[in-house]
Amino acid sequence: MGKQLTSAAAGILLFVGVSAAAAQDVIIQPEQDTVIREYVKKKPVASLSLPGVELNIGTPLPETVELYEVPDVQYRYVVVDGRTVLVDPGTRKIVKVYD
């Protein structure tokens, strides 16, 4: 019984650790942030509305939303309700919201 409890506790701690790591904010270096901001200004895209989707870090965007590439940057962007949103294309989760 003691071994089973210890294994279960270890599994829970591992799950909590992985979940916490996944929830951490993405850090965008200042140089990369400047490149992104300048590119988005030069290549504006139409703003779209996504009722029911909150623009928070970690919120996934629907598959129907077209993401736009920023050259030499791993993230993509889209403009939602007039705000530029940086998205991880692999998970489609928001990593940064620009005002």
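Since the structure is predicted, the reported quantities are computational estimates derived from the model, not experimental observations. Because only heavy atoms are used, hydrogens play no part in the values below, and waters and symmetry mates are left out as well, while side chains stay in. Residues take their numbers from the sequence shown, with the count starting at 1.
- Residues Arg92 and Val65 meet the side-chain proximity criterion, which asks for heavy atoms closer than 4.5 Å.
- Contact of the Val40 side chain with the Tyr68 side chain is not registered, since no non-hydrogen atoms from C-beta on lie closer than 4.5 Å.
- Under the 4.0 Å criterion applied to side-chain N and carboxylate O atoms, Arg76 and Asp88 are not assigned as salt-bridge partners.
- The shortest side-chain heavy-atom distance between Val35 and Asp72 does not fall under the 4.5 Å cut-off.
- Side-chain contact check for Leu61 versus Leu50: some heavy-atom pair is nearer than 4.5 Å.
- Across Asp33, Val87, Thr84, a single residue satisfies side chain to side chain contact (heavy atoms under 4.5 Å, CB included) together with Lys96, and that is Asp33.
- Partner of Tyr75 under the side chain to side chain contact (heavy atoms under 4.5 Å, CB included) criterion, chosen from Ile94, Val85, Leu86: Leu86.
- Looking at Tyr98 and Tyr77, their side chains never come closer than 4.5 Å, going by heavy atoms from C-beta outward.
- Thr34 places a side-chain N or O within 3.5 Å of a backbone atom of Pro30 that can act as its donor or acceptor partner.
- With sequence neighbours left out, the side-chain hydrogen bond (donor to acceptor under 3.5 Å, both in side chains) criterion links Asp99 to Arg83.
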Discussion item. Go through it in stages, so that I can follow the logic: the residues are Leu48 and Val78, the test is side chain to side chain contact (heavy atoms under 4.5 Å, CB included), and I'd like the CA-CA distance, side-chain angles, deciding distance and then a yes or no.
Written reply: CA-CA 8 Å; Leu48 55 100; Val78 66; 3.8 Å; yes
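- The distance from atom OG of Ser47 to atom CG of Asp81, rounded to the nearest 0.5 Å, is 5.5 Å.
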Worksheet entry | side chain to side chain contact (heavy atoms under 4.5 Å, CB included) assessment of Ile28 paired with Ile36 | CA-CA 10 Å; Ile28 299 169; Ile36 294 165; 4.3 Å; yes
